[in-house]
Asker: 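My structure is below; once you've seen it, I'll send some questions.
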Amino acid sequence: IRRAVTVGEGLAVLIARPGPLEDSPVFERGAAGAEANVAGVLSQLGVPTAWLSRVGDDGFGRYLVRELSARGVDTSAVSVDSLRPTGVYVKERGSGSGRSGDLAAGTSRMLYYRTGSAASALSPADLAEASGLLDAAGLIHCTGITTALSPSATDLTEALLTLRRPGRLISFDLNYRAALWNRPADTVADTLARHIRGSDIAFLGADEADAVFGTSEPDALRALFPQPRHLVVKNDKHSVTGFLGAERVEVPALSLEVTESIGAGDAFAGGYLAALLQGRPHEQLLRFGHLCAAAALTGAGDVAELPPVRTLENLAAVAASEWA
Ligand code: KDG
């Protein structure tokens with residue numbers, strides 16, 4: 001099986017008790033960051049995976065490296081930045097009490113504490129240092145979060161696209177996070193469109209695509225982005241439309257009780273990409289994505305523990321009619 005490398009910021013997440021943030025006396029610590037989440041899923045599904053990043057010389061940075069290593073991820077390309085801290089985000093969770101400041105149950109909000117973080121200093125120099133790992137990679141995954149971190153991180157994502165070649169797939173998740181972009185709107189759309197067009201596999205959340213490109217309609221998005229062989233549009237919580245070359249399939253999501261949805265997109269991408277590297281057919285890629293997303297949706301953390309690959313295989317093989 002081909003090796004994977006994911007590139008981007010890891011964050012310590014502090015998960016609040018459901019209810020208004022000001023009432024949460026304790027926070028549960030977790031490991032987060034979209035590309036780190038994807039690395040963990042790939043590795044848990046048996047894909048040899050490295051995570052390339054920068055962390056601060058602090059307890060959160062050491063925790064992230066330890067946690068990713070525990071998930072089987074190669075962390076040798078994580079640099080420690082002695083000048084800048086590890087980024088943090090707080091996950092505020094609704095309890096639906098109707099009290100002022102409380103969000104609806106099952107919904108959440110991200111509060112970032114990451115300006116000037118170690119990973120915001122990511123630059124093409126980090127790629128040069130990890131050239132051995134990147135040369136051996138059959139898949140490189142990055143997201144629009146990294147692009148948004150800083151000008152040097154944008155340069156890094158642009159440089160990643162130049163590593164695309166036969167035998168090495170570039171995967172890109174739009175992951176539009178409005179709070180991270182302080183550039184004019186058209187620059188944002190241009191930059192993100194260039195990254196999608198330069199990839200082999202692109203994941204677009206329909207709501208994010210709507211915010212950036214003005215449409216959430218899968219066929220309109222395919223018309224806009226005919227190039228990535230794999231274009232995956234996550235419509236809403238009910239279905240995903242997958243384009244592979246000229247093929248178009250729509251696979252419904254599992255209906256389940258959502259505990260908390262942040263991280264589900266990363267789990268989806270991890271499941272899809274692992275199944276792709278394992279040579280599975282198109283529809284199964286989407287089903288692996290849904291099954292991994294389900295694991296994230298039913299826990300409060302960014303990524304929940306996944307069932308064994310064998311179980312996922314059996315579930316993904318359940319007749320298409322059962323999924324509808
Ligand atoms: O996809 C989940 C991520 O949004 C979360 O882990 C935090 O990486 C993060 C970000 O930048 O939003």
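Every number for a ligand or one of its atoms is a count from 1 in the order of the listing. Hydrogens, waters and symmetry mates are skipped; everything else that's a heavy atom, side chains included, is used.
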Asker: When you compare the side chains of D155 and S123, does any donor N or O come within less than 3.5 Å of an acceptor on the partner?
Answerer: no
Asker: Do S53 and E35 have side-chain N/O donor and acceptor atoms under 3.5 Å apart?
Answerer: no
Asker: Going by the side chain to side chain donor-acceptor pair (under 3.5 Å) test, name the single residue among Q227, R168, R164, R229 that passes it with D200.
Answerer: R164
Asker: Going by heavy atoms, is E9 under 4.0 Å from ligand 1?
Answerer: no
Asker: Can you tell me which portion of I262 lies within the under-4.0 Å heavy-atom range of ligand 1? Options are side chain, backbone, both, or neither.
Answerer: side chain
Asker: Side chain, backbone, both or neither: which applies to L11 and ligand 1 if a contact is any heavy-atom pair less than 4.0 Å apart?
Answerer: side chain
Asker: We want to know whether S171 and H141 form a side-chain donor-acceptor pair, criterion being a heavy-atom distance below 3.5 angstrom.
Answerer: yes
Asker: Which atom pair, heavy atoms only, marks the closest approach of A293 to A264?
Answerer: CB-O, 3.6 Å
Asker: If you take the centroid of each ring, where Trp contributes its six-membered ring, are F243 and H230 closer together than 6.0 Å?
Answerer: no
Asker: Can you tell me which residue and heavy atom of the protein come closest to atom 7 (C) of ligand 1, and the distance to 0.1 Å?
Answerer: Y89 CE2, 3.6 Å
Asker: Could you pull out the closest heavy-atom pair between R2 and P48, with the gap in Å?
Answerer: O-CD, 3.9 Å
Asker: Below the 3.5 angstrom mark, is there an N/O of Y112, backbone or side chain, next to an N/O of ligand 1?
Answerer: yes
Asker: Measure the distance from atom 8 (O) of ligand 1 to every protein heavy atom, then report the residue, atom name and distance (to 0.1 Å) of the closest one.
Answerer: A34 N, 3.0 Å
Asker: Within ligand 1, which atoms have a heavy atom of G33 less than 4.0 Å away?
Answerer: 6 (O), 8 (O)
Asker: With a 4.0 Å cut-off, would you call R93 and E260 a salt bridge?
Answerer: no
Asker: May I ask you to identify the nearest protein heavy atom to atom 3 (C) of ligand 1, giving residue, atom name and distance to one decimal place in Å?
Answerer: R177 NH2, 3.8 Å
Asker: For G265, is the nearest heavy atom under 4.0 Å from an atom of ligand 1?
Answerer: no
Asker: Of L204, I201, L192, which meets side chain to side chain contact (heavy atoms under 4.5 Å, CB included) against F172?
Answerer: L192
Asker: Which atoms of ligand 1 have any heavy atom of N37 under 4.0 Å away?
Answerer: 6 (O)
Asker: Once you restrict to heavy atoms under 4.0 Å, what part of R114 touches ligand 1? Side chain, backbone, both or neither.
Answerer: side chain
Asker: Tell me, which protein residue and heavy-atom name are nearest atom 1 (O) of ligand 1, and how many Å apart are they?
Answerer: D266 OD2, 2.7 Å
Asker: Out of all atoms in ligand 1, which are within 4.0 Å of some heavy atom of D302? Include the element for each.
Answerer: 2 (C), 5 (C), 6 (O)
Asker: Report yes if A32 has an N/O atom closer than 3.5 Å to an N/O atom of ligand 1; otherwise report no.
Answerer: no
